[in-house]
Amino acid sequence: MTSYCRDGFTFVPIINAELITTDLHKAAEALKQNNIIALPTETVYGLAGNAFEPEAIEKIFSLKKRPFYNPLIVHIKSAEYMTHIAKDIPEIAFRVAMEFWPGPLTLVLNKKSIVPDIITAGKDTVAVRMPNHPVTLELLNSLDFPLAAPSANPFGSISPTTAAHVARYFGEDLEVVLDGGECLKGIESTIIGFEGEQAVLYRLGSISAEDLEHVVGKLKHHTSDDSAPAAPGMLSRHYAPSTETFLTQDVNEMVLSHPDKKIGLLLFQENSISQNVAHTEVLSKEGDLNEAARNLYAAMHRLDHLNLDIIIAEKLPEEELGKSINDRLKRAVKK
Ligand code: AMP
Ligand code: MG
């Protein structure tokens, strides 16, 4: 018998009724067999495997259809564990870890040889973070290895923030999707590296540049290059719905210039635009940027399943998490 799980206002058929689970023992056993599972973090759901086992890591790349040049983040159980997998760690890295971990900040550090090259795409640096989700922290504490875990979506598509999103993508390919509820942050971690004691911003994310700069001083900005991206989240097209998407400051004008289209709107705050629009998603009625980040991907998933002709997204204020959300929206726009 097919069972269903709820995903917003739609239902996703689940072939394996036991797929979505809270059974940590089952998850740990699968990981010890070099299988991969999906798990919750505070940012988005991840596809996780034993970070020390290339066989498990290959399965992640192949399921996601992720190019091998895109390295993965290693999730660790404590700040102290950093020293198992990284070396020459600058003092400032310990300082930000103390300040933001567990939390949505990823540090790019020089790797130790215990970290397989497949994780780092051959680079001599490794990206690490300690996630802030009780389920995944408990799982990590029960294991004697860290977990490589990129977002649990096919490469380039919208990131998952519920177990149902993961089931929709990979329901037939996974045995375990650990359910930890809705992700509370909702967009990926902020990634920084270091040049000596200078922090370098690689990817905007759940921690704003402003909050980081209170701790690390002025950030240097890493320049992106699609041909050899330092971080896949920096590719110019990523996080994308399959529906054609536009990003604009003037939603009204964009709606008027598409009179014959079935339009879905992705708005920041309360709106007055209802004419000629099939469906509207509001990210935060009160205009709260944290709430908007938390709701972003679920709203994009819902819009993408409504058979719309186009999605028109409203640009957010270029401050705090607004910058991170705009970064994701820019990459969601088809070129
Ligand atoms: P995600 O697939 O959303 O988990 O993204 C993982 C992010 O970590 C990607 O943007 C990676 O490129 C980035 N990353 C992992 N390892 C490194 C590294 N050694 N240097 C720079 N970025 C990295
Ligand atoms: Mg991703």
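Start at 1 and go down the list; that is how both ligands and their atoms are numbered.
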Q.
Taking salt bridge (Lys or Arg N to Asp or Glu O under 4.0 Å) as the definition, give me every residue that meets it alongside Glu91, ordered by chain and number, with sequence neighbours left out.
A. Arg95
Q) Would you call Glu182-Arg294 a salt bridge at under 4.0 Å N-O? A) no
Q) Is the His222 ring parallel, tilted or perpendicular to the Tyr202 ring (thresholds 30°, 60°)? A) parallel
Q: Ignoring hydrogens and angles, tell me if any N or O in the side chain of Lys220 forms a donor-acceptor pair with the backbone of Leu201 under 3.5 Å.
A: no
Q. Any donor and acceptor pair, going by atom type alone, linking the side chain of Lys262 with main-chain N or O of Leu306 inside 3.5 Å?
A. yes
(Q) Give the atom numbers and elements of ligand 1 that come within less than 4.0 Å of a heavy atom of Ser151. (A) 1 (P), 2 (O), 3 (O), 4 (O)
Q.
Is the distance between the ring centroids of Tyr45 and His133 under 6.0 Å?
A. no
**Q.** Arg328 and Glu188 ion-paired at < 4.0 Å
**A.** yes
(Q) As an exercise, identify every atom of ligand 1 less than 4.0 angstrom from a heavy atom of Ala127. (A) 14 (N), 15 (C), 16 (N), 17 (C)
Q: Output the list of atoms in ligand 1 that are nearer than 4.0 Å to some heavy atom of Ile191, sorted by atom number.
A: 7 (C), 8 (O), 10 (O), 13 (C)
**Q.** Closest to atom 5 (O) of ligand 1 (judged by heavy-atom distance), picking from His222, Arg203, Lys111
**A.** Arg203
Q) With sequence neighbours left out, what residues match Phe268 under ring pair (Phe, Tyr, Trp, His ring centres under 6.0 Å)? A) none
Q) Does some non-hydrogen atom of Val108 fall short of 4.0 Å from ligand 1? A) yes
Q: Mark up the atoms of ligand 1 that fall under 4.0 Å of a heavy atom belonging to Thr125, in ascending order.
A: 18 (C), 19 (N), 20 (N)
Q) What atoms in ligand 1 come closer than 4.0 Å to a heavy atom of Glu188? A) 3 (O)
(Q) Could you check whether Tyr297 and His165 have their ring centres less than 6.0 Å apart? (A) no
Q: Mind jotting down which residue pairs meet the salt bridge (Lys or Arg N to Asp or Glu O under 4.0 Å) criterion with at least one end in residues 110-120? Sequence neighbours excluded, please.
A: Lys111-Asp117
**Q.** Numbered atoms and elements of ligand 1 in range of Ile73, under 4.0 angstrom, heavy atoms
**A.** 6 (C), 7 (C), 8 (O)
Q) Which atoms of the protein, restricted to N, O or S, are nearer than 2.8 Å to the Mg ion (ligand 2)? A) Ser151 OG
